[in-house]
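In this chain, numbering begins with 1 at the start of the sequence shown.
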Amino acid sequence: MLALPAAAITWGTPDAGAHPYGGLVVFRDGVGAPTARSSGSLLTARIFLTSGHCAVLPNGAVAPVAEVWLDERVTLSSPSIVGVPSISPDGTVAVVRLDSDAPVARYAELPAVGVVDTLATKTALTLVGFGATEQDEIGGNPIGRWNQGGDRVKAPSALVSGSQSNSADLLKHSNGPGGSSGGACFHDSGGPVELGTSDVVLAINALVTNANCTGVGYGSRIDTADRLAWLSTFLP
């Protein structure tokens, strides 16, 4: 398996207000230079859930600051909220504690412990994120041909079940065009993998298996006891 950080929703449609808590986050180093861009979701007015690997600087330290945007279409003039990142002990999950309340009317919800293990294969999922959505029709490295996007996009997907060594930590989902399905791609890391059309975040986008963002994708499960316990320390 080629383990590549996930980045953007492909074969999806504009979010159109369905996930107002979905946001784009940029992590910055000590001099303010951007180091990573990811997706994520608000759990409360001041707690933003995203991917742990995005919050790590090249030197291995946690980024000292992050900037979060919640507009459906992010531009250079879009308002943002600054916050401080924290990473879970296992390094997979991060939160950004925002300096001020985010102006949204609804938040993402955490799952019950172990709920992913109770779901049947082909259970409907929804992927949400900002990032690359299409490739340029030119030769060269497929990774380099993905166009960056600034729009919040959603796509239907489905659970792919089966025993594997990492099942306890990762949720596997379909990742590509097939009927009504879509997928995650580069710069969708941290974006929610939700149960059906609910606001329940089962996992956050983590990995794709090839440079064309097809086949299957993987999300870091949020329904584990350790990750839920860690997230609870940031919640009211």
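With sequence neighbours excluded, no residue forms a ring-ring contact (aromatic ring centres under 6.0 Å, His included) with Trp69.
With hydrogens and angles ignored, the 3.5 Å screen pairs a side-chain donor or acceptor of Thr209 with a backbone N or O of Val216. Judged by distance alone, the side chain of Ser39 and the main-chain N or O of Gly191 form no donor-acceptor pair under 3.5 Å. Asp71 places no side-chain N or O within donor-acceptor distance of the main-chain N or O of Val74, the cut-off being under 3.5 Å. Between the side chain of Thr126 and the backbone N or O of Pro156, no donor-acceptor pair lies under 3.5 Å. Without hydrogens or angle criteria, Ser189 side chain to Ser38 main chain gives no donor-acceptor distance under 3.5 Å. Although no hydrogens or angles enter the test, the distance criterion places no donor-acceptor pair under 3.5 Å between the side chain of Arg152 and the main chain of Arg73. With hydrogens and angles ignored, the 3.5 Å screen pairs a side-chain donor or acceptor of Asp223 with a backbone N or O of Val116. Side-chain atoms of Asp151 do not come within 3.5 Å of backbone N or O of Val153 as any donor-acceptor pair. In this structure, Arg227 contributes its side chain and Asp169 its backbone to a donor-acceptor pair below 3.5 Å.
Using a 4.5 Å cut-off on side-chain heavy atoms (C-beta onward), Tyr21 and Asp199 make contact. Inter-residue side-chain proximity for Pro14 and Glu72 is flagged as unmet; no heavy-atom pair is nearer than 4.5 Å. The shortest distance between side-chain heavy atoms of His173 and Leu159 does not fall below 4.5 Å. With a 4.5 Å cut-off on side-chain heavy atoms, Phe48 and Ile81 do not count as touching. Residues Thr44 and Pro236 have side chains in contact (heavy-atom distance under 4.5 Å, counting atoms from C-beta outward).
The minimum heavy-atom distance linking Thr224 with Ala168 is given by the pair CG2-O, 3.6 Å. Residues Gly32 and Arg28 come closest through the heavy atom pair O-NH1, 3.1 Å. Nearest heavy atoms, Pro64 versus Leu57: CD-CD1, 4.1 Å.
Two different hydrophobic clusters hold Leu49 and Val200 under the rule that ILVMFWY side chains link at heavy-atom gaps under 4.5 Å. Hydrophobic clustering (side-chain heavy atoms under 4.5 Å, transitive across Ile, Leu, Val, Met, Phe, Trp, Tyr) keeps Leu171 apart from Leu110. One hydrophobic cluster, built from ILVMFWY side chains closer than 4.5 Å, holds both Val113 and Leu231. Residues Tyr107 and Val68 share a single hydrophobic cluster, defined by chaining ILVMFWY side chains whose heavy atoms lie under 4.5 Å apart. Residues Val25 and Val82 do not share a hydrophobic cluster, clusters being chains of Ile/Leu/Val/Met/Phe/Trp/Tyr side chains in contact below 4.5 Å.
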* Test side-chain contact (heavy atoms from CB on, under 4.5 Å) applied to Thr50 and Phe27, step by step -> CA-CA 11 Å; Thr50 187; Phe27 294 93; 3.8 Å; yes

* Asked: So Val93 and Ser51, side-chain contact (heavy atoms from CB on, under 4.5 Å) or not? Walk me through it.
  -> CA-CA 5 Å; Val93 180; Ser51 178; over 6 Å; no

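In this structure, the separation between CG on Asp15 and CZ on Phe130 is 8.0 Å, given to the nearest 0.5 Å. Considering OG of Ser174 and CG of Leu127, their distance stands at 7.5 Å, rounded to 0.5 Å. In this structure, CG on Leu42 lies 5.0 Å from CG on Leu70, to the nearest 0.5 angstrom. Note that NE2 of His19 and OG of Ser41 are 9.5 Å apart. Values are rounded to the nearest 0.5 Å. A distance of 13.5 Å separates CZ of Arg221 from CD1 of Ile204, quoted to the nearest 0.5 Å. Separating the CG atom in Asn175 from the OG atom in Ser157 is a distance of 6.5 Å, to the nearest 0.5 Å.
No more than 12 heavy atoms of other residues, nucleotides or ligands lie within 6.0 Å of CG in Asp226, so this atom counts as exposed by the packing criterion.
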